[in-house]
A.B. asks: 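Quick one: this structure, given as structure tokens, is what I'll be asking you about.
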Amino acid sequence: MLLDYMLKLASSGKDSSDGRISIGKNSRSEQKHIVIKDLALVNEVRNAMTLRYNDFKVGISGDRTSDVRLLLPFQPTRSNSLNVLPPPLPTGSVIQNIAMTSYLDLEDEDWVLAVKLYGSKIKLFRRSYKPTWIDVNYMPPSIYTTSSLMYSKKDERLYVPTPGGDYLYSLDSKSTEDDRPEFIGLWTEDLTKYLNENQLEVNTFTKTVHFLEPPSGEQFFVKWFFYDEYEIYKGSKKQVTSRTVDFIVFRADDHPIEKKKKQLFYTDDIGDLCIFLGHGEPYCVRASSHPGLRANCIYFSGYNFGTYDINTKRCNMFFAEEDILSSTKFPYWPHP
């Protein structure tokens, strides 16, 4: 409800009555800056933008000087819960994000946990195969560090988009060390009939790309665009930050003829769904099932915290008094 309150302030253009939140405007008419002046409220927003909407919370034990282990909560009954520990990851492992074939089920022998490490390294843990991590040896080195690993229940495949967004690396969740990924081509329809000149220019900016699938089985492809901003805080602190500038959302359909190709169709309406993007597996939830969430919106965390209305193209970004709110640490957006 806190996020919804702040978004209502942004829509009105008015500061909060208690002075803890002020609304600023970027040079881009469709972008608002929500400046949070109270530290306790800043921390509450951080929590709301990371852990609020899911009960599944992944933790980490260890650090870069020791073995790194994921802590996966498992609750077989309402009164009983425990942490499941997959095998340790190598010393110094830097986790980018994880994906799972389903919610944790210790009785499901086909359950698979996939971990994307810094760079292009992917490891799989499949209890029915062997009690150690499976190194996918032939993942291409061109996988972008911030590309999101995800699992498609519809296709029964793990996917990682390429940096340019023209292909998906596709991997069977039952892969072994020597299996090679397939490449799924992405055909995009002509965007000139949907986007104005400024929006078409944004399509050339730095971006991350994300493939996601809600429980309904629909598939979406999202491009998240950034630009560099040179900033001076309080007259002395100088830095260049990455600022969110826009998103483009597509519906993804299987190609009617070619099996290893998907078609991307531009959309500004995803219905009652809202999208969560960060350094975890990207996912969707129904806004009507979560009071305070807004349908047809993207909630994003990483270099910036904020929301984006897919229909109106309005972007709201959250700031503390001294800096933009951001975090690139794992975990982010816990698995639904």
A.B. asks: Looking only at heavy atoms, which two atoms of Gly217 and Lys154 are closest? And how far apart?
C.D. replies: O-CD, 3.3 Å
A.B. asks: Got Phe226 and Val245 here, is their nearest side-chain heavy-atom distance under 4.5 Å?
C.D. replies: no
A.B. asks: Is there a path of hydrophobic side-chain contacts, each under 4.5 Å between heavy atoms of I, L, V, M, F, W or Y residues, that connects Leu168 with Trp187?
C.D. replies: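 Different hydrophobic clusters.
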A.B. asks: Does the separation of the ring centres of Tyr227 and Phe205 fall below 6.0 angstrom?
C.D. replies: no
A.B. asks: Before you tell me yes or no, could you show the steps for Val112 and Phe125 under side-chain contact (heavy atoms from CB on, under 4.5 Å), namely the whole-Å CA-CA distance, both residues' side-chain angles and the distance that decides it to 0.1 Å?
C.D. replies: CA-CA 6 Å; Val112 176; Phe125 174 62; over 6 Å; no
A.B. asks: Pro282 and Ser148: which non-hydrogen atoms are nearest, and at how many Å?
C.D. replies: CD-CB, 3.6 Å
A.B. asks: Heavy-atom distance under 4.5 Å between the side chains of Ser175 and Leu124, does that happen here?
C.D. replies: yes
A.B. asks: Pairing donors with acceptors under 3.5 angstrom, does anything connect the side chains of Asp246 and Tyr308?
C.D. replies: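 The criterion, which ignores hydrogens and geometry beyond distance, is satisfied for Tyr308 and Asp246.
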A.B. asks: Just to verify, what does Ser152 make a side-chain hydrogen bond (donor to acceptor under 3.5 Å, both in side chains) with, not counting sequence neighbours?
C.D. replies: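 Applying side-chain hydrogen bond (donor to acceptor under 3.5 Å, both in side chains) to Ser152 gives Glu213, Gln219.
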A.B. asks: Evaluate the salt bridge (charged side-chain N to carboxylate O under 4.0 Å, His left out) criterion for residues Asp272 and Arg294: first the C-alpha distance (whole Å), next the side-chain angles of each, then the deciding distance (0.1 Å), finally the verdict.
C.D. replies: CA-CA 8 Å; Asp272 186 41; Arg294 297 192 170 193; over 6 Å; no
A.B. asks: Inspect the surroundings of CD in Glu189 and state if more than 12 heavy atoms from other residues, nucleotides or ligands are less than 6.0 Å away.
C.D. replies: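 Result for CD/Glu189: enclosed.
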A.B. asks: Donor-acceptor pair, distance only, cut-off 3.5 Å: does the side chain of Trp111 make one with the backbone of Arg126?
C.D. replies: no
A.B. asks: Indicate yes or no for a side-chain donor-acceptor contact from Asn43 to the backbone of Ala40 under 3.5 Å, with no hydrogens or angles considered.
C.D. replies: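 Not a single qualifying donor-acceptor pair exists.
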A.B. asks: Counting C-beta onward and ignoring hydrogens, is there a side-chain heavy-atom pair between Asn304 and Ser242 closer than 4.5 Å?
C.D. replies: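 No, too far: nothing below the 4.5 Å cut-off.
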A.B. asks: Any heavy-atom pair between the side chains of Asp179 and Lys174 that's under 4.5 Å?
C.D. replies: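 Not in contact.
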A.B. asks: Give a yes or no answer on whether the side chain of Thr204 reaches the backbone of Leu200 with a donor-acceptor pair at less than 3.5 Å.
C.D. replies: no
A.B. asks: Sort and list the pairs that fulfil salt bridge (Lys or Arg N to Asp or Glu O under 4.0 Å) and have at least one residue in residues 12-24, not counting sequence neighbours.
C.D. replies: Asp18-Arg20, Arg20-Asp38
A.B. asks: To the nearest 0.5 Å, how far apart are CZ in Phe247 and CG in Leu277?
C.D. replies: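 Reported to 0.5 Å precision, the distance equals 6.0 Å.
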A.B. asks: For residues Leu158 and Ser173, report the shortest heavy-atom separation together with the two atoms involved.
C.D. replies: CD1-CA, 4.1 Å
A.B. asks: Whether the Asp269 and Thr267 side chains hold a donor-acceptor pair (N or O, under 3.5 Å, no angle test) is what I'd like checked.
C.D. replies: no
A.B. asks: So, the side chain of Lys193 versus the backbone of Asp190: is there a donor-acceptor pair under 3.5 Å, distance only?
C.D. replies: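 No; judged by distance alone, with no hydrogens or angles, the pair does not exist.
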A.B. asks: Looking only at heavy atoms, what is the nearest atom pair of Phe225 and Val202, with distance?
C.D. replies: CD2-O, 3.1 Å
A.B. asks: Report the C-alpha distance between Tyr266 and Leu195 in whole Å, list the side-chain angles of each, state the deciding distance to 0.1 Å, and finish with yes or no for side-chain contact (heavy atoms from CB on, under 4.5 Å).
C.D. replies: CA-CA 10 Å; Tyr266 173 83; Leu195 306 181; 3.7 Å; yes
A.B. asks: Assess whether atom CD of Glu177 is packed by more than 12 heavy atoms of other residues, nucleotides or ligands within 6.0 Å.
C.D. replies: yes
A.B. asks: Give the minimum heavy-atom separation between Ile23 and Leu9, together with the two atoms involved.
C.D. replies: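 Reported closest heavy-atom pair: CG1-O, 3.8 Å.
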A.B. asks: Compare every heavy atom of Cys284 with every heavy atom of Phe220, then report the nearest pair and how far apart it is.
C.D. replies: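 Residues Phe220 and Cys284, closest heavy atoms: CD1-SG, 4.4 Å.
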A.B. asks: Taking everything shown except Tyr167 itself, do over 12 heavy atoms lie less than 6.0 Å from its OH?
C.D. replies: no
A.B. asks: Walk me through whether Phe221 and Leu186 qualify under side-chain contact (heavy atoms from CB on, under 4.5 Å).
C.D. replies: CA-CA 10 Å; Phe221 192 79; Leu186 299 174; 3.7 Å; yes
A.B. asks: Among residues at least two apart in sequence or on other chains, which ones pass ring pair (Phe, Tyr, Trp, His ring centres under 6.0 Å) with Tyr5?
C.D. replies: none
A.B. asks: Is the centre of the Phe250 ring less than 6.0 Å from the centre of the Phe265 ring?
C.D. replies: no
A.B. asks: Salt bridge or not between Lys262 and Asp253? Use side-chain N to carboxylate O under 4.0 Å.
C.D. replies: no
A.B. asks: Given the side-chain rings of Phe319 and Phe305, with only the six-membered ring counted for Trp, is the space between their centroids under 6.0 Å?
C.D. replies: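 Ring-ring flag for Phe319/Phe305: false, centres at least 6.0 Å apart.
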A.B. asks: Any heavy-atom pair between the side chains of Leu117 and Ile122 that's under 4.5 Å?
C.D. replies: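 The answer is no; the side chains never approach within 4.5 Å.
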A.B. asks: OG of Ser170 to NZ of Lys260: how many Å apart, nearest 0.5 Å?
C.D. replies: 8.5 Å
A.B. asks: Charged N to carboxylate O under 4.0 angstrom, Asp135 versus Lys123?
C.D. replies: yes
A.B. asks: What distance separates Ile95 CD1 from Leu89 CG, expressed to the nearest 0.5 Å?
C.D. replies: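 Those atoms lie 5.5 Å apart.
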A.B. asks: Under the rule for side chain to side chain contact (heavy atoms under 4.5 Å, CB included), what residues qualify as partners of Asp178, not counting sequence neighbours?
C.D. replies: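 Expected list: Asn137, Tyr138.
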A.B. asks: Is a donor from one side chain sitting under 3.5 angstrom from an acceptor on the other, for Tyr159 and Asp155?
C.D. replies: yes
A.B. asks: Distance check, rounded to the nearest 0.5 Å: Thr244 atom OG1 versus Asn316 atom CG?
C.D. replies: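 CG of Asn316 is found 11.5 Å from OG1 of Thr244.
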A.B. asks: Check side-chain hydrogen bond (donor to acceptor under 3.5 Å, both in side chains) between Asn296 and all other residues, then give those that pass, not counting sequence neighbours.
C.D. replies: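 Checked Asn296 against side-chain hydrogen bond (donor to acceptor under 3.5 Å, both in side chains); zero matches.
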A.B. asks: Is there side-chain contact between Met6 and Phe318, with heavy atoms separated by less than 4.5 Å?
C.D. replies: yes
A.B. asks: Measuring from Leu293:CG to Cys297:SG, what's the distance to the nearest 0.5 Å?
C.D. replies: 9.0 Å
A.B. asks: Do the side chains of Cys315 and Phe300 get nearer than 4.5 Å, heavy atoms only?
C.D. replies: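 Of all side-chain heavy-atom pairs linking Cys315 with Phe300, at least one is under 4.5 Å.
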A.B. asks: How long is the straight-line distance from NZ of Lys153 back to CE of Met150, given to the nearest 0.5 Å?
C.D. replies: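 Between atom CE of Met150 and atom NZ of Lys153 there are 10.5 Å.
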A.B. asks: Apply side-chain contact (heavy atoms from CB on, under 4.5 Å) to Leu149 and Ile98, showing your working.
C.D. replies: CA-CA 7 Å; Leu149 173 70; Ile98 69 170; over 6 Å; no
A.B. asks: Measure the acute angle between the ring planes of Phe183 and Tyr169, then classify it against the limits of 30° and 60° as parallel, tilted or perpendicular.
C.D. replies: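 Perpendicular, since the angle between the ring planes exceeds 60°.
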A.B. asks: Hey, does Val209 have a side-chain heavy atom less than 4.5 Å from the side chain of Val222?
C.D. replies: no
A.B. asks: With a 4.0 Å cut-off, would you call Lys8 and Asp4 a salt bridge?
C.D. replies: yes
A.B. asks: Going by the rule side-chain hydrogen bond (donor to acceptor under 3.5 Å, both in side chains), which residues pair with Ser216 if we only count those two or more places apart in sequence or in a different chain?
C.D. replies: Glu218
